[in-house]
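Please find one structure pasted underneath; my questions will follow.
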Amino acid sequence: MSMMTNTLGRYFAGRFLVSAVGVFASIFVLLVLVDYIEMVRKTSGLVSASAITVAQTSLYRVPQLLEKLMPFCVLIGAMTCYLALSRRLELVVARAAGVSAWQFISPALASSIILGTLATVAYNPMSANLRELSKRMEAELFGSAPGGGIQDASGFWLNQINSDGQSIINAARSEQQGVRLTGLTVFRFDTDLQFKERIEAREASLEEGRWAFKSVRRYSLDKPAVDQESYYLSTTLTPAQVRNSFSTPETVSFWQLPGYIRSSESSGFATAGYRLQYHKLIAQPFLLAAMVMLAASVSLRFFRMGGVQKMVLSGVGAGFLLYVLSKVTEDLSKAELMHPIAAAWLPVCVGGLTGFLALLYQEDG
């Protein structure tokens, strides 16, 4: 019986992994195609944009977006796996051999925890690095002219005040967590808050005590526009202050988050967003396991008993409600109304306990 259980365990784990990875790959291909079509539309007027470069940009953008959908991939993959096993009566044979539902769920739970761990320690840093590469490629595509070419509607905004006056910086795109900016427009004011000039630049990088602009065009009220290859604007901002303005916690690698938290704390900035992201990544393996529990609670009945559509809809609905709960707790945590640990682990506990109680009621009455 021990050998049989081990063999069945490996079989059930393999079936679950195939289903989960298949759903993940299908959604990945779909998102790449959709993003590629959108990028082709945006770059249709750019002569220098090649199809390969546009495809690479889309390919590098999608992994970070797909990371947010990973729990749903596991949920749908687990439901697909158990419904297929039930349709082929393999679960019936396993039950007849004395294997309980808890025994053929445990391989999927262990596999989901392993997948979640790999997603946290390996996939998250990879997706963050690819996102930075996509930003760099977007800057090369859209930033060939002063002002950055095609810009977002709002972009990123930064305000700095020093001995020369006030400067308001708007950037279309941000790289390296705000240390390098592209598609810039700067509005400069003197110490009396009177407008001095407007500066447009292709890119800028933060150096020690100054911003270094390249491909600059300066506009003033009483002079014609002046083109300069480079221009330097003094600043008192530090990289930690710039990161707090331009970076988002989702774009920071798991291994870099502790350093960002410490630097933000030392600079006096709020760290709730970074702490929440850090604890969400730690809780991710257990969130995937909770998704397996939810999927099993709606997918283990016999296929010939009917009601498959209701089971699928109930599983998808449970996953959607869990997603809504996670967004609510995330907003509460970022507003500092809930501790980041509670906000990260509450959806895990609710999803896991709901699936556990449903299975307990179905299997043990």
* Classify the ring geometry between F286 and W345 as parallel (under 30°), tilted (30 to 60°) or perpendicular (over 60°). =>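 Tilted: the ring planes of F286 and W345 meet at 30° to 60°.
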* To do: To the nearest 0.5 Å, tell me how far Y60 OH sits from S134 OG.
  =>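 The distance works out to 9.5 Å.
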* Which one of S112, C81, S111 satisfies the side chain to side chain contact (heavy atoms under 4.5 Å, CB included) criterion with L17? ->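 The single option meeting the side chain to side chain contact (heavy atoms under 4.5 Å, CB included) with L17 is S111.
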* Backbone of A55 reached by a side-chain donor or acceptor of S58 within 3.5 Å -> no
* Asked: Would I113 and V121 show up in the same hydrophobic cluster when neighbours are defined by side-chain heavy atoms closer than 4.5 Å?
  ->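 No, it is not one cluster - the side chains of I113 and V121 are not joined through contacts under 4.5 Å.
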* Asked: Between T182 and E203, is a side-chain hydrogen bond (donor to acceptor under 3.5 Å, both in side chains) present by the stated rule, with each step listed?
  -> CA-CA 4 Å; T182 56; E203 62 180 79; over 6 Å; no
* Asked: Judged by atom type as modelled, is there a donor-acceptor pair below 3.5 Å linking the side chain of W211 to the main-chain atoms of A204?
  -> no
* Non-hydrogen side-chain atoms of V216 and D227 separated by less than 4.5 Å ->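 Side chain of V216 against side chain of D227, heavy atoms only: no contact under 4.5 Å found.
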* Asked: Would I341 and M338 show up in the same hydrophobic cluster when neighbours are defined by side-chain heavy atoms closer than 4.5 Å?
  ->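 Not linked; separate clusters.
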* **Worked check of side chain to side chain contact (heavy atoms under 4.5 Å, CB included) between Q160 and I169** => CA-CA 8 Å; Q160 66 172 39; I169 302 174; 4.3 Å; yes
* To do: Step through the shown structure and confirm whether more than 12 heavy atoms of other residues, nucleotides or ligands are within 6.0 Å of CZ on F189.
  => yes
* Please say whether more than 12 non-hydrogen atoms of neighbouring residues, nucleotides or ligands are located less than 6.0 Å from NZ in K196. =>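 Above 12, so yes.
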* Could you tell me whether a side-chain N or O of S333 sits under 3.5 Å from a main-chain N or O of T329, the two making a donor and an acceptor? =>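 No, S333 side chain to T329 backbone: no donor-acceptor pair under 3.5 Å.
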* Nearest 0.5 Å, what's the OG1-CD distance between T43 and E38? -> 10.0 Å
* Asked: Rest of the hydrophobic cluster containing I114 (Ile/Leu/Val/Met/Phe/Trp/Tyr, side-chain heavy atoms under 4.5 Å)?
  -> L118
* Under 3.5 Å, is there a donor-acceptor pair linking the side chains of T185 and E200? -> no
* To do: Starting at CG of L184, measure out to CD1 of I199 and round the result to the nearest 0.5 Å.
  =>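 Between atom CG of L184 and atom CD1 of I199 there are 10.0 Å.
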* **Hydrophobic cluster membership, L130 vs M137, 4.5 Å side-chain cutoff** =>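 Cluster IDs for L130 and M137 match.
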* Structure fact -> Interatomic distance, CD1@I76 vs CG@L83, rounded to 0.5 Å, equals 12.0 Å
* **Under 3.5 Å donor-acceptor, N170 side chain and W157 backbone** =>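 Not confirmed, N170 side chain does not pair with W157 backbone.
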* Asked: So, does D35 use its side chain to make a donor-acceptor pair with the main chain of L31 at under 3.5 Å?
  ->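 Here the side-chain-to-backbone pair does not exist.
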* For the rings on Y232 and F213, is their centre-to-centre separation under 6.0 Å? -> no
* F195 CZ: over 12 foreign heavy atoms closer than 6.0 Å -> yes
* Test of ring centre spacing under 6.0 Å for F320 and F72 ->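 Not close enough - the centres of the two rings lie 6.0 Å or further apart.
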* Structure fact -> Smallest heavy-atom separation, A108 atom then V292 atom, equals CB-CG1, 3.8 Å
* Side-chain donor or acceptor of Y123 paired with backbone N/O of P63 under 3.5 Å -> yes
* Closest heavy-atom contact between A344 and A283? ->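 Smallest interatomic distance, heavy atoms only, reads O-CB, 4.1 Å.
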* Candidates E67, Q64, E132 - the one meeting side chain to side chain donor-acceptor pair (under 3.5 Å) with S127 -> E67
* Spell out, as yes or no, whether a donor-acceptor pair under 3.5 Å connects the side chain of D192 to the backbone of Q194. =>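 Flag not set: sc D192 to bb Q194 has no pair under 3.5 Å.
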